[in-house]
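All heavy atoms count here, side chains included; hydrogens, waters and symmetry mates do not. Residues take their numbers from the sequence shown, with the count starting at 1. Because the structure is a prediction, the values reported are computed rather than measured.
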Amino acid sequence: MGKTKKKSRPIRKLPIPASITQAVRELGVFPDVLLVGEPETTRRGWSVITMFSVPLPTRATEFGISSTGVKDCEPVIFLFPANYPMRAPKIRLRQDFPRNLPHLYPGSEKDLVAPCIYDGPLDDLLHQGKGLHGILEQIQDWLRKAASNSLINSKQGWEPIRFGLADNFIIYEQAKLRELITEEAQCKFLTCNSLELTEVTFFKIYDYSPKNLNDWYARDVARADISDNNHLIGKRPILLCWPDKDFVVNEYFPETVTNLGELQKKSRIYGTHDIFWPQIQLLWSKLRGGSRIVDVITIHCIRRPLPLINQITNLELLAYRVRVKLNFFGVPDMNSPVEPVCHIHAVGPELLQSMSGSSPARMESIIQIGCGSLGSKIAMHLCKAGHGPFTLIDDKRMSEHNLARHALTKTVGNKAELLGKEIDIFNVGATAYTQSLQDFVAKDETCLFVKNNLIIDSSASISVRETLASLPAATNNSRVFQTGLYNEGQMGYLTIEGKGRNPRVDDLSAALFDASIDNEGISKALVASDATFRRHATGQGCGSFTTVIPDTKISMHSAAMAERARKAYEGGICEDGEIAVGFVSETGMSLEWKTSYLGKTHHVPLGNRDWELRVLAPAYDLMAAEVGRWPISETGGVLIGRLCLARKCAIITRIIEAPPDTTRTSGRFELGTEGLVGRIATLQKSSGLTYLGTWHSHLHGSTPSGVDTATLKKIKELRLGIPSFNLIWYDGSLICYADYGDY
């Protein structure tokens, strides 16, 4: 007894909602809509058919249809959802509408054609200022361009074939596959990993080195999948094929492949058939000896007449999943299912730069010194901008308390190594060194400057700064980029060395402290940091010398610093040194940055080669201005700056004008003392800088006078122990005679 067929349930006719009535009214008044049908109930909402008037090219007007197959009167179907106008309607064209046009969503030939009328969600377009009227304008513009065959703008590039709702995805870096493609028609065999979920399957290429098609390869890709938490994990073969360089496909066509016969037919259009078909059959013959026939991922390269949209290549890559069925004699069933595989960009520099809007790098690599809270965040920001590769230097291990502010979430291991593993996930490249900077440069003092490197110091270490300062000048465009935080993150700073490392990292640091003399905000931050940097308990009997800063503040500063580093890495860098200081605003939700620039530092020759004396550009300019004020008399003043006894380096940041009781004549300068000690003490308290010596000008000759020599002798007899530098200014040049004290 046969089964009774179940009758389909009829769609209930519902009263037309006010929103649909309003939509029909808007359709009716649109200038290019000739006819609006009555709303029809569907299972998901309402359907309204309209007739659009389409302007055709002049030569096609008398025929009523364009060369592309678009008619002068086209039916357009609006599928309004039940929750319209919260969601936009779907747009459909007639079933026999030409499908060899761009900006069409893929679909079966039995379905209505779905045009892509807007580069974005229609829901967003609907809720912009024009509402449904905006969608109608997009439809009319799309039909007009379809009729005139201008949907592709040659200036914009060739639009890749669109994919609909795919069940298969393949992840790879397009640039690496394109590197394999030659001018002659060939193919390459690769492998990919597969992850099969309930409703979707992902394939990912990790290794881009071609494989030989032999028994070992066949066994490798034919291993049984492993079940893991109801997921199947395995490996699949990939057949990548491409045509001769002269085989260019200038016809646009939709993705309609569903079986092996259709794929074979398409491969002739692609120009890959003569390579693809023999090779995939050879692969099947190798796989047939195994316990099962595995899926094959085949990727066909199409050469287009124009570069693809937003790309610099005309090579379009199309992937398919072939689930072949072979008969007893090994002949493939041409009805074997074939599914398009949608490409997803693998994470790497190309994708990261594209998504972040970064420009190509002008430097070659990034050296990150210090991988703590601030350094790790800066490095990850730059990594996600697609910049690298990285050299990571840090000899410290991660600890539990580091998680409060660090970019990483793991605590077992060295900071540089753990950060390197995190960066490797993004395929940017990182090499970790678990040693101090001093040990890193011990064998080769020029190793940081072998390439054009951006050397970022986020270590908050004075010894690291002094080590960087002691390294030789770079012969290329390498720069040290130093960052730091003060006063519990209320102030952050960054400095960038000048061209040729002049001004140098220590010059810029001294200039920052000198700025505190005239800037109360900087002075308070520097002074307060001494009180906030102390030992904090991180366990019973354990502690860490650090400062308490919330992760939010570090993140604010690190983002700004990384943005400046990104621009510098992309070439946004000047010849002068740069100092940027950022303060947390009163709301605590933003930073206010001010940037200044420091010119070339003057290096003063010394008789004692162990010592180095540097005069910052502002100090030199102040001397020049003071000399200009006293053209017929000797003049001078006091030198203020930073003294590094360990490295035997003195940096003059500014001068103090001579006191009012100073004597100036054409042949003599005698420095007064009125109020001088108090002024020096005040400067030292606000900036940490100190007295370094004196300077004066000569009108006739640059050698020390008898008075100068006698003065120096008195200084040496005092045995103060601290070096004192005395400069003579003559005709724009500086000559030094010094007492080096106990050093």
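- The existence of a salt bridge linking Asp506 and Arg647 is confirmed by a sub-4.0 Å separation between a basic side-chain nitrogen and an acidic carboxylate oxygen.
- No side-chain heavy atom of Ile573 sits less than 4.5 Å from a side-chain heavy atom of Lys499.
- In plain terms, the two heavy atoms of Phe390 and Ala379 that are nearest each other are CZ-O, 3.4 Å.
- Under the side chain to side chain contact (heavy atoms under 4.5 Å, CB included) test applied with Asn726, the options Ile735, Thr694, Asp739 reduce to a single match, Thr694.
- If you check the side chains of Arg642 and Ser509, you find a donor sitting under 3.5 Å from an acceptor.
- In this structure, OG1 in Thr665 is found 10.5 Å from CD1 in Ile632, a value given to the nearest 0.5 Å.
- Inspection of the Glu626 and Trp630 side chains reveals an N or O donor paired with an N or O acceptor under 3.5 Å.
- The pair Arg566-Glu570 meets the salt-bridge criterion, with a side-chain N (NZ, NE, NH1 or NH2) lying under 4.0 Å from an Asp/Glu carboxylate O.
- Within 6.0 Å of CD1 on Ile462 lie no more than 12 heavy atoms contributed by other residues, nucleotides or ligands.
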- I would like to know whether Arg654 and Asp514 meet salt bridge (charged side-chain N to carboxylate O under 4.0 Å, His left out); could you show each step before the answer? CA-CA 8 Å; Arg654 67 167 57 204; Asp514 183 83; 2.8 Å; yes
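- Taking 4.0 Å as the cut-off between side-chain N and carboxylate O, Arg504 and Glu612 count as a salt-bridged pair.
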- Given side chain to side chain contact (heavy atoms under 4.5 Å, CB included), test Glu417 with Thr434 step by step and report yes or no. CA-CA 7 Å; Glu417 285 184 333; Thr434 61; 3.5 Å; yes
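- Heavy-atom minimum distance, Ser376 versus Leu419: CA-CD2, 4.0 Å.
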- Take Val347 and Ile425 through the test side chain to side chain contact (heavy atoms under 4.5 Å, CB included) and record every step on the way to the result. CA-CA 8 Å; Val347 65; Ile425 294 174; 5.5 Å; no
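- Residues His406 and Asp551 come closest through the heavy atom pair N-OD1, 4.5 Å.
- Using a 4.5 Å heavy-atom cutoff, the side chains of Pro618 and Leu598 are in contact.
- Between the side chain of Tyr569 and the backbone N or O of Pro360, no donor-acceptor pair lies under 3.5 Å.
- Under a 3.5 Å cut-off, the side chain of Ser354 and the backbone N or O of Glu350 do not form any donor-acceptor pair.
- The closest side-chain heavy-atom distance from Tyr597 to Cys574 is below 4.5 Å.
- Between Val584 and His557 there is a side-chain heavy-atom pair separated by less than 4.5 Å.
- The minimum heavy-atom distance linking Ser686 with Ser516 is given by the pair O-OG, 3.2 Å.
- In this structure, CD1 in Ile640 is found 7.0 Å from CG in Leu692, a value given to the nearest 0.5 Å.
- Ion pair Glu578/Lys567 not flagged as a salt bridge, since none of the NZ, NE, NH1 or NH2 atoms sits closer than 4.0 Å to an Asp/Glu carboxylate oxygen.
- Between the CG atom of Leu643 and the OG1 atom of Thr690 there is a distance of 7.5 Å, given to the nearest 0.5 Å.
- The number of heavy-atom neighbours closer than 6.0 Å to CG of Asp444, taken from other residues, nucleotides and ligands shown, is above 12.
- In this structure, Asp576 contributes its side chain and Lys600 its backbone to no donor-acceptor pair below 3.5 Å.
- Note that CD1 of Ile655 is 5.0 Å distant from CH2 of Trp695, once rounded to the nearest 0.5 Å.
- Taking the side chain as every heavy atom from C-beta outward, Arg614 and His603 approach each other to under 4.5 Å.
- Here the side chains of Leu471 and Phe449 are in contact, with some heavy-atom distance below 4.5 Å.
- Going from atom NZ of Lys553 over to atom CZ of Arg405 covers 11.5 Å, rounded to the nearest 0.5 Å.
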- Message: Apply ring pair (Phe, Tyr, Trp, His ring centres under 6.0 Å) to residues Trp729 and Tyr620 and explain how you reach the verdict.
- Response: CA-CA 10 Å; Trp729 173 288; Tyr620 181 89; 5.0 Å; yes
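- Judged purely by distance below 3.5 Å, without hydrogens or angles, the side chains of Ser733 and Asp731 never pair a donor atom with an acceptor atom.
- The main-chain N or O of Ile369 is never found under 3.5 Å from a side-chain atom of Ser459 such that the two would form a donor-acceptor pair.
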- Task: Would you check, one step at a time, whether the test side chain to side chain contact (heavy atoms under 4.5 Å, CB included) holds for Val464 with Leu468?
- Result: CA-CA 6 Å; Val464 166; Leu468 290 170; 4.1 Å; yes
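- Here the closest heavy-atom approach between residue Ser687 and residue Ile517 is recorded as CB-CG1, 3.6 Å.
- No more than 12 heavy atoms of other residues, nucleotides or ligands shown are found within 6.0 angstrom of CD1 on Ile312.
- Counting only heavy atoms from C-beta outward, the side chains of Arg679 and Val638 never approach each other to under 4.5 Å.
- With no hydrogens or angles considered, a side-chain donor-acceptor pair links Glu400 and Thr411 at under 3.5 Å.
- Side-chain atoms of Asn477 never come within 3.5 Å of backbone atoms of Asn452 as a donor-acceptor pair (strictly under, hydrogens ignored).
- Looking at every heavy atom in both residues, Ser358 comes nearest to Ala385 through OG-O, 3.1 Å.
- Below 30°, between 30° and 60°, or above 60°: for Tyr433 and Phe440 the angle between ring planes is above 60°, a perpendicular geometry.
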- Apply side chain to side chain contact (heavy atoms under 4.5 Å, CB included) to Leu526 and Met491, showing your working. CA-CA 9 Å; Leu526 297 180; Met491 187 189 91; 4.3 Å; yes
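- Atom CG of residue Leu408 and atom NZ of residue Lys377 lie 9.5 Å apart, to the nearest 0.5 angstrom.
- Counting heavy atoms from C-beta on, the side chains of Thr653 and Phe513 never come closer than 4.5 Å.
- Checking side-chain atoms of Arg479 against main-chain N and O of Glu497 turns up a donor-acceptor pair under 3.5 Å.
- With hydrogens and angles disregarded, no donor-acceptor distance shorter than 3.5 Å links the side chain of Asn487 to the backbone of Gln490.
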